[in-house]
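Working notes for the structure below.
We name chains A, B, ... by the order of the sequence lines, and we start the count at 1 in each one. Keep in mind that what you see is a predicted model, and the values were worked out from it rather than measured.
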2 protein chains.
Amino acid sequence: MKTNTKGWYRAHEFAQLAGVTVRTLHHYDRIGLLKPGTRTSSGYRQYTERDLARLEQIVVLKFLGLPLKEIPDLLRDESALFDALRRQRIVLSEKRRRLDRAIAAIEKAAQSLRSQHGPDWNLFTQIIKEIEMQANSDWTKEYYSEAAQAKVEARKHLWSPELQERVSKEWARLIKDVEAVIGEDPASEKAQALAARWKKLVGEFTGGDPEIQKGLNKMWSDRANWPQEPQQNFQMKPEVQTFIMKAMDCKGAAR
Amino acid sequence: MKTNTKGWYRAHEFAQLAGVTVRTLHHYDRIGLLKPGTRTSSGYRQYTERDLARLEQIVVLKFLGLPLKEIPDLLRDESALFDALRRQRIVLSEKRRRLDRAIAAIEKAAQSLRSQHGPDWNLFTQIIKEIEMQANSDWTKEYYSEAAQAKVEARKHLWSPELQERVSKEWARLIKDVEAVIGEDPASEKAQALAARWKKLVGEFTGGDPEIQKGLNKMWSDRANWPQEPQQNFQMKPEVQTFIMKAMDCKGAAR
DNA sequence: ATCCGCCCTGACGTTGCGTCAGAGTCAAGG
DNA sequence: CCTTGACTCTGACGCAACGTCAGGGCGGAT
């Protein structure tokens with residue numbers, strides 16, 4: 001270990017070794033991500049070889065787009081790390097798809113604008129809006145934070161085909177059942193039973209993650225179709241949705 | 001124009017029409033990007049059909065990754081818009097390349113980790129660092145803001161081969177000349193003449209853009225090699241750089 | 001009259017540092 | 001010994017584009 005003649009690094013050299021700035025080191029220190037083991041009597045940070053190893057790991061994970069506040073956990077728990085990497089791969093692919101769409105939009109627009117003599121905003125807007133629509137058909141984008149999106153994506157892959165099969169069938173039956181009693185009192189026992197089934201299914205689908213459920217509810221609150229993800233289409237009439245919402249509200253109020 | 005029975009939209013409906021949130025409208029109002037023409041006596045925003053058209057344009061440009069604060073200019077000046085779109089395409093491609101690298105990193109790492117029985121941080125770190133290096137060989141990333149990067153990229157394409165040829169030759173000569181007088185007084189006339197030539201060349205290379213120059217200086221201040229962009233290598237000894245910096249400082253002080 | 005839904009204006013939170021400002025420290029040169 | 005000059009430290013504000021309360025009005029329907 002040629003840790004320099006002193007046996008430790010000062011901020012500037014340490015930062016250069018890892019290709020970051022001194023400010024970054026201060027930041028990491030403050031948020032507790034990387035604290036130098038010791039300080040001099042005058043308060044100078046003393047970084048060691050071990051700190052360098054950790055910093056390099058941090059830099060790598062940051063490069064992969066992982067948020068700083070998750071990194072401590074990931075460095076402590078290997079399985080969490082692998083999990084995060086799997087999720088992150090999916091997130092990154094999705095980001096790339098979005099970028100591709102944006103690039104395609106620019107190119108298409110530029111093309112049509114060159115062929116015209118002047119700029120045609122209508123055409124321009126239309127072209128890009130079309131491509132935007134494609135993006136929006138990816139429903140998670142609208143209702144989930146990036147972190148939650150990752151979770152959703154991760155869950156998708158945890159889903160065994162059988163589980164998918166079962167849930168989708170149950171959902172179809174449930175929707176049918178609801179349609180049958182749609183005129184009745186949302187506070188009736190029948191309706192309440194349906195609401196309970198509904199809640200349970202949502203729980204299975206979301207894996208009990210409150211963040212994912214929140215997004216789902218948000219979606220239902222202004223759209224009435226289910227994501228057409230695998231092959232199934234859980235489209236339901238607005239009344240079905242309204243009814244269930246009411247029934248669940250009753251329950252909440254009756255609590 | 002079926003602008004609703006009232007002839008104008010309230011925040012919520014207007015927002016839904018354009019696929020944004022009310023908060024977004026407030027934001028755009030505050031920053032002056034999109035102000036409703038009128039307000040009711042009680043302060044309610046009244047959006048018109050024309051506002052909708054503008055908002056749609058804004059949404060499109062935002063989708064393409066353009067910063068909000070540039071959008072007003074772009075909507076006013078068509079040539080500026082085209083220019084921005086050209087630059088943005090380059091920026092987006094570059095972003096995509098970075099994403100690709102990150103994805104490749106994860107996949108490579110995952111692969112090698114699967115073949116091992118346990119996780120091997122060294123290997124892992126190494127793999128990703130390699131890929132990171134590729135990214136860093138793209139020098140602009142380290143010293144320019146995204147906006148400035150776009151400008152740099154744009155300039156690259158404006159560079160005629162002859163201009164490139166000329167500048168690179170001049171630069172080589174200049175470096176040689178500086179090496180010859182390196183022991184002398186940075187305030188001497190000779191040195192000052194060289195500093196002037198230096199400044200002029202930097203001006204030609206950067207197109208006079210202060211932001212690009214700033215990045216260049218930043219780079220010089222902690223590294224002493226020129227980007228090996230086209231084929232040329234403008235590597236110079238640290239002393240050369242130090243000397244020129246001093247000479248330029250003298251001039252600044254003598255002002 | 002009242003209720004529900006929508007509207008308003010602050011104002012703080014987020015992410016990862018950049019960028020001063022003001023002040024102390026350390027090693028070398030005069 | 002004192003002065004530089006190169007580093008170091010700790011705040012604290014800035015940025016991009018809103019999200020998310022909090023606290024308090026408006027408007028139309030019942």
Side-chain angles (χ1 to χ4, degrees), chain A residues 4-6 8-16 18-36 38-47 55 58-59 61-71 142-148 211 214-215 218 221-222 249, chain B residues 5-6 8-16 18-36 38-47 55 58-59 61-71 142-148 211 214-215 218 221-222 242 245-246 249:
Chain A
N4 158 354
T5 58
K6 300 182 290 286
W8 46 272
Y9 302 108
R10 286 168 50 161
H12 190 63
E13 25 173 18
F14 187 68
Q16 282 197 321
V20 302
T21 68
V22 174
R23 180 62 179 87
T24 300
L25 295 179
H26 288 173
H27 185 56
Y28 291 176
D29 191 352
R30 171 172 299 272
I31 68 177
L33 180 54
L34 177 68
K35 285 185 176 302
T38 57
R39 298 270 194 131
T40 67
S41 55
S42 52
Y44 282 27
R45 273 165 260 257
Q46 296 178 299
Y47 289 99
L55 179 53
I58 292 170
V59 169
L61 295 186
K62 192 186 56 153
F63 173 72
L64 297 181
L66 292 164
L68 294 187
K69 61 178 172 180
E70 288 182 12
I71 292 185
E142 284 195 64
Y143 299 101
Y144 291 114
S145 70
E146 297 217 332
E211 236 178 296
K214 193 176 156 196
K218 221 153 131 195
S221 75
D222 63 18
D249 277 348
Chain B
T5 58
K6 298 183 291 284
W8 47 270
Y9 301 107
R10 287 167 48 158
H12 191 62
E13 17 170 26
F14 187 69
Q16 281 197 324
V20 303
T21 68
V22 175
R23 181 61 179 87
T24 300
L25 294 179
H26 288 172
H27 185 55
Y28 291 176
D29 190 353
R30 173 173 298 273
I31 68 177
L33 179 53
L34 177 67
K35 287 185 175 302
T38 58
R39 299 268 193 132
T40 69
S41 54
S42 51
Y44 282 28
R45 271 166 261 255
Q46 296 177 299
Y47 290 99
L55 178 53
I58 292 170
V59 169
L61 296 185
K62 192 186 58 154
F63 173 71
L64 298 180
L66 292 165
L68 296 186
K69 62 176 172 182
E70 288 181 11
I71 292 184
E142 285 195 61
Y143 298 102
Y144 291 113
S145 71
E146 298 215 330
E211 237 179 294
K214 194 177 156 195
K218 221 154 135 193
S221 74
D222 63 18
T242 318
M245 301 279 269
K246 277 187 190 164
D249 275 349

Does [X] place a side-chain N or O at less than 4.0 Å from the phosphate oxygens OP1/OP2 of [N]?
X     : N      : answer
A/R45 : D/dT8  : no
A/Y28 : C/dC17 : yes
A/T40 : D/dT8  : no
A/K62 : C/dC17 : yes
B/K69 : D/dA16 : yes
A/H26 : D/dC9  : yes
B/R39 : C/dT9  : yes

Closest to the 5' end of DNA chain C, once B/H12 and A/T21 are matched to their nearest nucleotides, is B/H12
Considering only heavy atoms from C-beta outward, does the side chain of A/L55 approach that of A/V59 to under 4.5 Å?
->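 A/L55 vs A/V59: side chains touch.
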field: Flag side-chain contact, heavy atom, 4.5 Å: B/R30 against B/H26
entry: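 Side-chain contact under 4.5 Å: no.
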With respect to the side chain of A/R23, which nucleotide from D/dG25, D/dT8, C/dG18 is positioned closest?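 Closest of the options to the side chain of A/R23: C/dG18.
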Winner on side-chain proximity to A/H27, out of C/dG18, C/dG16, D/dA17, is C/dG16
Note to self: With rounding to the nearest 0.5 angstrom, report the CZ to CZ distance, B/R39 to B/R45.
What the structure shows: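 Answer for the CZ-CZ pair, B/R39 versus B/R45, is 4.0 Å.
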Which sits closer to the 5' end of DNA chain D, B/L66 or B/S42, going by the nucleotide each is nearest to?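 The answer here is B/L66.
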| Candidate pair B/L25 and B/Y47, rule side chain to side chain contact (heavy atoms under 4.5 Å, CB included), full reasoning | CA-CA 10 Å; B/L25 294 179; B/Y47 290 99; 3.5 Å; yes
